[in-house]
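First the structure, in the form of structure tokens, and then the observations on it.
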Amino acid sequence: MTDETERPSDFIRDIIAEDVRAGKYKQIRTRFPPEPNGYLHIGHAKSICLNFGIAREFDGICNVRMDDTNPTKEEAEYVQSIMTDVHWLIDGWADKHVGGAPLYASDYFDRFYEYAVDLIRKGKAYVDDMSREDTDEYRRLGKASSFRERSVIESLDLFARMKAGEFPDGTRTLRAKIDMNAANVWLRDPVLYRIRHASHHRTGDKWCIYPMYDWAHTLSDYIEGITHSVCTLEFEVHRPLYDWILDALELPDPRPHQYEFARLNLTCSVISKRKLIQLVNEKLVKGWDDPRLVTISGLRRRGVTPSALRTFAYNIGITKYPSMTDMALLEHTMRDEFNRVATRRLAVLRPIKVVLTNYPEEKTEELDAINNPEEPKAGTRKIPFGRELYIERDDFMETPPPKFFRLRPGGEVRLKYAYIIKCDEVVKDAGGNVIELRCTVDLDSKSGGPTAGRKVKGTIHWVSAARAIDAKVRLYDRLFTVPEPDAAGDFKSFVNPDSLEVVNAKCEPALTDARPEKRYQFERLGYFAVDLDTTRENQVWNRTVTLRDTWAKEAKR
RNA sequence: UGCCUCGUGGUGUAACGGUAGCACUAGAGACUCUGAAUCUCUCUGUCUAGGUUCGAAUCCUAGCGAGGCAGCCA
């Protein structure tokens, strides 16, 4: 199941395949239309993979279009982050199918205006002088505005004066004249334009009237020659309006068609922009790219790869059912990829010192270690061994439970790629904390040696105390303690207090030249990536995901 | 309340009138110099009730349940 070769199948692609078969369009054209008012998240990734996936599968084009019709909410700085995230996700996969990057709905403001004038001339729109409150109330009641039957001439004049800036915010709107008794409220004369004396991030002060979503989005799709306009379920009730606009303007074919799919929900996380912004603003996380967040920038920083995200998007599918995807599926997708490609290294997260009492003081060895057992071509490396080592604190227990087969007093364990050792003595500080283990090493048991075959139940990782390098490692856990933090009550009260732990780790020297674009498995621990806080002096790592850990489950019993 | 949409194992999905399959999760075992990976096995499902049909997850009707919309946000 590589995301480069498989052709996913879902109800939207089925429709498109049928349209292609029927020769309905010269070329398939989709679009990804973010509003530049925040950072992209994993839900957007699903949409990007869908829209760009369609473009590459049907040899079409996908436009990135900023839906920037509300000057009070949108900012230019978001455009840059959006484009960075989009390219990170699609480059090398569907970047050959990018139409405009980026296009802007605001570039079409003149044409939107011309279309609006045309709609008034056709008697299908009018300027309404009602207040916001009355407009809402009348729409709820299905009651017509007293300005509804105003003449075309008057509406034309008023609309021109709205544009000229003669009226304050909120005093007038342009409304479509459809049907105040329609069962679908979006057909009860929806507002097309509102007055907003506000500076726009691209058009500056040129405009003081701005188009509403339905008007702008439908016409943007038409202007760009979009064939399949794919959006999420909440726009389903807008589709009749989408079609009405195209009809009312009597626009010639080919026309775009709107299709809707269910947005992504993920357990133990929040996805909505509104909630993400709260976590950021209230400093519950460190920023938009905090690796605990499911923003694209957060996932990237955490070490998730574009290909893993694409595979995930493929795995979850496209339906109209509002589902709840298990975070475990995302984690599995990462492990599945990283297991194949990650370079293996030894690192000790919570070190405890081991002294090998029968190993010569000055002696050191260079032992062979495999870089990736799943990929023989990755070769081997040397790791230094000596009298003093660090092992993982969790790999020793003074009074272990039944199925524990790591190191214990008087017990034996294999050091990966090295020797079998036996724990003779436990050294403690005044507070009773274990600070050192004194062990003897079975010198005949060296890996690859003649009597290496002796079996012990446990194998643990280690690093040479003399040659280890220091690193800070950030251990992330799920941001929320419950599967559905926004199901009931305040989602912020479910923030996991242990979602981040920072440890000072000891790493094997081969990690000195670790590269940010590479993925590493710290053996027996998980998959890790270099964080951007890394400097020449201080290495910082992020744990992307742990290895599956059946012992942890056993230990909990 | 009105309108729209959707109901397949714990979760996500497939089957387009003809053997309910796949993946994740969970559990059991094999193997193991990663308690990983790999391999084997197991548990669990068509919302309910009618109808059409030789045959229904699929078509029809009703009910039940869930989600969405009712901004001069998108």
Side-chain angles (χ1 to χ4, degrees), chain A residues 1 9-11 14 33-35 37 67-70 72-74 128 130-133 135-136 139-140 142 169-175 182-188 190-196 209-210 212-214 216-217 231-240 260 262-263 265 267 273 315-333 335-336 339-340 344 346 369-370 373-374 403-406 413-420 445 447-448 452-453 455-461 483 521-526 546-555:
Chain A
M1 170 207 50
S9 170
D10 53 64
F11 74 100
D14 289 349
E35 183 187 14
N37 69 344
D67 223 339
D68 55 350
T69 57
N70 186 349
T72 61
K73 284 189 168 181
E74 295 143 9
D128 194 344
M130 281 205 302
S131 71
R132 181 183 197 124
E133 293 70 30
T135 306
D136 288 353
R139 280 184 79 195
R140 264 194 291 277
D169 289 3
T171 53
R172 282 182 229 274
T173 58
L174 181 72
R175 289 234 259 164
N184 181 339
V185 292
W186 284 102
L187 262 16
R188 318 236 263 234
V191 172
L192 265 21
Y193 272 90
R194 76 283 214 188
I195 300 172
R196 277 267 210 290
I209 56 171
Y210 290 93
M212 296 289 291
Y213 164 82
D214 295 282
H217 201 91
C231 58
T232 44
L233 250 25
E234 65 265 33
F235 295 103
E236 211 159 26
V237 289
H238 291 244
R239 184 162 16 105
E260 311 87 14
R263 69 184 334 141
N265 297 296
T267 59
K273 264 187 202 173
N315 285 340
I316 59 179
I318 299 292
T319 67
K320 300 188 81 153
Y321 182 77
S323 55
M324 177 62 69
T325 297
D326 195 334
M327 182 64 87
L329 184 59
L330 211 210
E331 294 170 348
H332 166 263
T333 307
R335 290 185 185 117
D336 192 49
N339 177 52
R340 280 179 274 120
R344 269 59 169 182
L346 300 186
I370 294 164
E374 305 289 324
K403 288 179 184 166
F404 184 84
F405 45 83
R406 280 114 92 146
V413 76
R414 154 83 60 188
L415 297 175
K416 177 103 179 175
Y417 298 128
Y419 302 87
I420 294 170
S445 65
S447 297
K455 298 288 183 203
V456 290
K457 187 63 180 163
T459 300
I460 64 172
H461 59 280
Q521 183 197 100
F522 293 174
E523 292 213 32
R524 303 210 304 133
L525 297 172
T546 62
L547 252 33
R548 276 190 72 209
D549 190 351
T550 46
W551 166 244
K553 286 174 203 159
E554 180 67 35

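Chain identifiers are assigned alphabetically (A, B, ...) following the order of the sequence lines, protein sequences preceding nucleic acid strands; residue numbering begins at 1 within each chain.
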With a 4.0 Å cut-off on heavy atoms, is [X] in touch with a base, just the backbone sugar-phosphate, or nothing at all?
X	value
G317(A)	nothing
T69(A)	sugar-phosphate
R239(A)	nothing
T232(A)	nothing
F404(A)	base
S131(A)	base

For [X], all residues meeting salt bridge (Lys or Arg N to Asp or Glu O under 4.0 Å), sequence neighbours excluded:
X	value
R194(A)	none
R139(A)	none
R140(A)	E137(A)
K403(A)	E554(A)

List every contact pair, protein side and nucleotides 69-71 of chain B side both N or O, where the distance is under 3.5 Å.
| from | atom 1 | to | atom 2 | distance (Å) |
| --- | --- | --- | --- | --- |
| C69(B) | O2' | W186(A) | NE1 | 2.6 |

If you measure from the Lys or Arg side-chain nitrogens to the Asp or Glu carboxylate oxygens, is any gap between K73(A) and E35(A) under 4.0 Å?
->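 A salt bridge is absent here (no side-chain N lies under 4.0 Å from a carboxylate O).
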Does a side-chain N-to-carboxylate-O contact under 4.0 Å join R548(A) and E331(A)?
->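 Answer for the salt bridge query: no.
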Any side-chain heavy-atom pair from I209(A) and R196(A) closer than 4.5 angstrom?
->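 No, their side chains stay 4.5 Å or more apart.
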Given [options], the nucleotide with the shortest approach to the side chain of [X]:
X	options	value
R196(A)	G35(B), C73(B), A74(B)	C73(B)
P373(A)	A74(B), C72(B), U34(B)	U34(B)
L547(A)	A36(B), U5(B), C73(B)	A36(B)
M324(A)	G12(B), A74(B), U34(B)	G12(B)

Kindly say if R340(A) contacts the phosphate of U38(B), meaning a side-chain N or O under 4.0 Å from OP1 or OP2.
->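 No, no such contact exists.
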Syn/anti state for G71(B) [syn: chi within 90° of 0] |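 That one's syn.
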Results of side chain to side chain contact (heavy atoms under 4.5 Å, CB included) for V456(A) - residues two or more places apart only |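 For V456(A) the side chain to side chain contact (heavy atoms under 4.5 Å, CB included) partners, ignoring immediate neighbours, are E412(A), R414(A), I420(A), R454(A).
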Under the side chain to side chain contact (heavy atoms under 4.5 Å, CB included) test, which residues partner P373(A), sequence neighbours left out?
->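 Partners of P373(A) by the side chain to side chain contact (heavy atoms under 4.5 Å, CB included) criterion, ordered by chain and then number, come out as R344(A), I370(A).
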Going through the distances and angles, do L192(A) and R175(A) end up as a side-chain contact (heavy atoms from CB on, under 4.5 Å)?
-> CA-CA 5 Å; L192(A) 265 21; R175(A) 289 234 259 164; over 6 Å; no
Provide a list of protein-nucleic acid N or O atom pairs under 3.5 angstrom, restricted to nucleotides 16-26 of chain B.
| from | atom 1 | to | atom 2 | distance (Å) |
| --- | --- | --- | --- | --- |
| C16(B) | N4 | D14(A) | OD2 | 2.9 |
| C24(B) | OP1 | H332(A) | NE2 | 3.4 |
| A26(B) | OP1 | K553(A) | NZ | 2.9 |

Is the aromatic ring of Y213(A) within stacking range of A74(B), meaning centres under 5.5 angstrom and planes under 30 degrees?
->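 No, aromatic ring not over the base.
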Partner residues of F235(A) under the ring-ring contact (aromatic ring centres under 6.0 Å, His included) criterion, sequence neighbours left out =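 Applying ring-ring contact (aromatic ring centres under 6.0 Å, His included) to F235(A) gives Y213(A), H238(A).
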ring-ring contact (aromatic ring centres under 6.0 Å, His included) partners of F405(A), counting only residues at least two apart |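 If we apply the ring-ring contact (aromatic ring centres under 6.0 Å, His included) test to F405(A), skipping adjacent residues, there are no hits.
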Pair pattern of RNA chain B in dot-bracket, where unpaired bases get dots and | marks partners in another strand, Watson-Crick or G-U under 3.5 angstrom | (((((((..((((....[..)))).(((((.......)))))....(((((..]....))))))))))))....
Quick one: which protein N/O atoms are closer than 3.5 Å to N/O atoms of nucleotides 56-67 of chain B? Pair and distance per line, please.
none

Taking atom types as they are modelled, is there a donor-acceptor pair under 3.5 Å from the base of U5(B) to the side chain of E260(A)?
->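 It does not, because no donor-acceptor pair links the side chain of E260(A) to the base of U5(B) below 3.5 Å.
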